Amino acid sequence: QVQLVESGGGLVQAGGSLRLSCAVSGSTFSINAMGWYRQAPGKQRELVAAISSGSSINFVESVKGRFTASRDSANNTVYLQMRDLKPEDTAVYYCNADGHLRSYGSIWGYAPGDYWGQGTQVTVSS
């Protein structure tokens, strides 16, 4: 079993920054790829970024150049650094673990694993 706890969300003005953390506990040795998702009110949950077990990182187009991510295997934590935030980034952000990431050049896809955190709210005011 794997447990995920997100933190770092909050209220920020447009153009501001936040860093989200996802602390991973439990059977961490078995975790494959990890992903960050978000869900805005009235919308479906969408993938934001995926991080392979080797720390290869992919981002969706809407956040490229603004978001970065990292995976600290020693501390079992993954991070999502968000800069130049926009009101449309407002959502609950979720961490996902033990997914599968496949990439072929610029084409990539992430299949989520079974483990989800509880989410952390990010609100960007205009």
Side-chain angles (χ1 to χ4, degrees):
Q1 280 291 79
V2 174
Q3 295 80 42
L4 308 175
V5 177
E6 300 98 334
S7 60
L11 173 63
V12 64
Q13 288 189 330
S17 300
L18 283 173
R19 189 177 80 156
L20 306 183
S21 301
C22 173
V24 186
S25 61
S27 303
T28 58
F29 65 91
S30 64
I31 292 174
N32 191 4
M34 297 190 67
W36 282 101
Y37 285 75
R38 65 186 180 187
Q39 187 167 18
K43 295 188 176 181
Q44 289 191 334
R45 191 173 297 189
E46 64 172 358
L47 178 66
V48 175
I51 308 169
S52 73
S53 56
S55 297
S56 172
I57 304 170
N58 297 83
F59 296 95
V60 297
E61 286 298 322
S62 60
V63 305
K64 272 186 181 178
R66 301 189 297 121
F67 289 13
T68 58
S70 59
R71 184 170 181 170
D72 184 346
S73 297
N75 293 307
N76 294 321
T77 303
V78 293
Y79 301 96
L80 184 67
Q81 176 70 53
M82 307 183 294
R83 297 181 176 88
D84 190 24
L85 284 162
K86 304 176 181 181
E88 51 264 42
D89 294 318
T90 294
V92 178
Y93 283 71
Y94 297 91
C95 179
N96 174 265
D98 205 26
H100 295 276
L101 173 63
R102 294 290 184 266
S103 62
Y104 303 94
S106 61
I107 300 173
W108 64 280
Y110 177 77
D114 293 333
Y115 306 105
W116 293 91
Q118 83 289 350
T120 185
Q121 176 72 47
V122 171
T123 303
V124 184
S125 62
S126 58

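Nothing here was measured: the structure is a model prediction, and the numbers come from that model. We count residues from 1, following the sequence as given.
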Residues pairing under ring pair (Phe, Tyr, Trp, His ring centres under 6.0 Å) where one sits in residues 107-126, two or more places apart or in two chains, turn out to be Y37-W116

All heavy atoms of S56 vs all of L101, minimum pair found to be O-CD2, 4.1 Å

Tightest non-hydrogen contact, residues L18 and Q81, listed as O-NE2, 3.5 Å

To the nearest 0.5 Å, atom CD1 of I51 lies from atom CG of N32 at 12.5 Å

Tightest non-hydrogen contact, residues S52 and A33, listed as CA-CB, 4.0 Å

Nearest heavy-atom contact between V24 and V2 is CG1-CG1, 3.7 Å

In terms of heavy-atom contacts, F59 and A49 come closest through CD2-CB, 3.5 Å

Expected output: side-chain N96 to main-chain W36 donor-acceptor under 3.5 Å:
no

Please determine whether side-chain contact (heavy atoms from CB on, under 4.5 Å) holds for the pair Y93 and E6, giving the CA-CA distance in whole Å, both sets of side-chain angles, and the decisive distance to 0.1 Å.
CA-CA 8 Å; Y93 283 71; E6 300 98 334; over 6 Å; no

### Query
Is there a path from L85 to Y79 through hydrophobic residues (I, L, V, M, F, W, Y) whose side chains come within less than 4.5 Å of each other?
no

Residues 117-126 vs side chain to side chain donor-acceptor pair (under 3.5 Å), sequence neighbours excluded, gives Q121-T123

For A97 and M34 the tightest heavy-atom approach is CB-CE, 3.9 Å

Please tabulate, for the side chains in residues 40-48, all donor-acceptor contacts under 3.5 angstrom to protein atoms that are two or more places apart in sequence or on a different chain.
unit_1	atom_1	unit_2	atom_2	d
E46	OE2	R38	NE	2.7
E46	OE2	R38	NH2	3.3

Can a donor-acceptor pair be found, under 3.5 Å and without considering hydrogens, that links the side chain of T90 to the backbone of V124?
yes

Residues pairing under disulfide bond (SG atoms under 2.5 Å apart) where one sits in residues 38-126, two or more places apart or in two chains, turn out to be C22-C95

CG (L20) and CZ (F67) are apart, to the nearest 0.5 Å, by 8.0 Å

Salt bridge (Lys or Arg N to Asp or Glu O under 4.0 Å) filter on R66, not counting sequence neighbours, yields D89

Side chain to side chain donor-acceptor pair (under 3.5 Å) pairs touching residues 7-26, sequence neighbours excluded, are Q3-S25

